[in-house]
Colleague: 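One structure is given below, represented as structure tokens, and several questions about it will come after.
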Amino acid sequence: MNKNFNGNTVIRPRDAFNVCSEVDLKLNNMEKIDLEDPNFNEKFFVYSTDPIEARYLLTPAFMERLYETSDAFNSKAEYCSFYENSIYIVLDT
């Protein structure tokens, strides 16, 4: 990432089955946030320790690239995490 950040942000599909539960995320001081893209909100849950920073990281361009990546790999589900100045993306193919 060419952006610096201190918080942790997790993106998981809404239809994910027990990959990371909402209780686990809340225990790690993460709160659920909604972004300005309603299509993204329909497909994903976003949790972050810093909602302002999450909105800084999850730009409309990033959200579009995540869609394109999942389409390119014919992914059934996408998971993404911003942690310690790194980004982790998992595609279920």
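One-based numbering along the sequence shown.
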Colleague: Determine whether Asn39 and Tyr67 make a side-chain contact, defined as any pair of heavy atoms from C-beta on separated by less than 4.5 Å.
Modeller: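 In contact.
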Colleague: Measuring only between side-chain heavy atoms, which start at C-beta, is Cys80 closer than 4.5 Å to Ile87?
Modeller: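 Yes, their side chains come closer than 4.5 Å.
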Colleague: Can you list everything that forms a side-chain hydrogen bond (donor to acceptor under 3.5 Å, both in side chains) with Asp34? Sequence neighbours excluded, please.
Modeller: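 Lys32.
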Colleague: Is the backbone N or O of Asn6 less than 3.5 Å from a side-chain atom of Glu53, with the two atoms forming a donor-acceptor pair by type?
Modeller: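 Such a contact is found between Glu53 side chain and Asn6 backbone.
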Colleague: Would you please name every residue forming a side-chain contact (heavy atoms from CB on, under 4.5 Å) with Ala61, sequence neighbours left out?
Modeller: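 Ala61 satisfies side-chain contact (heavy atoms from CB on, under 4.5 Å) with Thr59, Arg65 only.
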Colleague: With heavy-atom distances below 4.5 Å as the criterion, would you say the side chains of Asp50 and Tyr56 are in contact?
Modeller: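 A side-chain contact is absent here, since even the closest heavy-atom pair is not under 4.5 Å.
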Colleague: Over all heavy atoms of both residues, which pair between Arg14 and Phe45 is shortest? Give the atoms and the distance, please.
Modeller: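 Closest heavy-atom pair between Arg14 and Phe45: NH1-CE2, 2.9 Å.
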Colleague: Which heavy atom of Glu78 sits nearest to which heavy atom of Ser70, and what is that distance?
Modeller: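 Glu78 and Ser70 have their closest heavy atoms at OE2-CB, 2.9 Å.
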Colleague: Please find the pair of heavy atoms, one from Leu58 and one from Met63, that lie closest to each other, and give the distance.
Modeller: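 Nearest heavy atoms, Leu58 then Met63: O-CE, 3.4 Å.
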Colleague: Is any side-chain heavy atom of Leu57 closer than 4.5 Å to one of Lys3?
Modeller: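 Yes - at least one pair of side-chain heavy atoms lies under 4.5 Å apart.
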Colleague: Would you call Asp37 and Glu64 a side-chain contact if the rule is heavy atoms closer than 4.5 Å?
Modeller: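 No, every pair of side-chain atoms sits at 4.5 Å or beyond.
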Colleague: Have Thr9 and Ser48 got a donor and an acceptor in their side chains that come within less than 3.5 Å?
Modeller: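 Yes.
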Colleague: Would you indicate whether the side-chain heavy atoms of Phe82 and Ile11 approach each other to under 4.5 Å?
Modeller: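 Yes; the side chains approach each other to less than 4.5 Å.
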Colleague: Is there a donor-acceptor pair closer than 3.5 Å between any side-chain N or O of Thr49 and the backbone N or O of Met30?
Modeller: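 Absent.
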Colleague: Which value, rounded to the nearest 0.5 Å, describes the distance between Asn85 atom CG and Asn4 atom CG?
Modeller: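 Answer for the CG-CG pair, Asn85 versus Asn4, is 5.0 Å.
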Colleague: Taking the side chain from Asn8 and the backbone from Tyr83, do they hold a donor-acceptor pair closer than 3.5 Å?
Modeller: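 The answer is no, because no donor-acceptor pair under 3.5 Å joins these two groups.
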Colleague: Would you say that more than 12 heavy atoms from the other residues, nucleotides or ligands in this model lie under 6.0 Å from the OH of Tyr88, or not?
Modeller: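 Yes - once you tally the heavy atoms of other residues, nucleotides and ligands closer than 6.0 Å, there are more than 12.
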Colleague: Does Arg12 make a cation-pi contact with Tyr79, if we ask for NZ or CZ under 6.0 Å from the ring centre and within 45° of the axis?
Modeller: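 Arg12 over Tyr79 ring: no.
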Colleague: Rounded to the nearest 0.5 Å, what separation is found between the CD atom of Glu36 and the CZ atom of Arg55?
Modeller: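 The distance works out to 7.0 Å.
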Colleague: Just wondering, do Phe40 and Leu66 contact through their side chains at under 4.5 Å, heavy atoms?
Modeller: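 Leu66 reaches Phe40 side chain to side chain.
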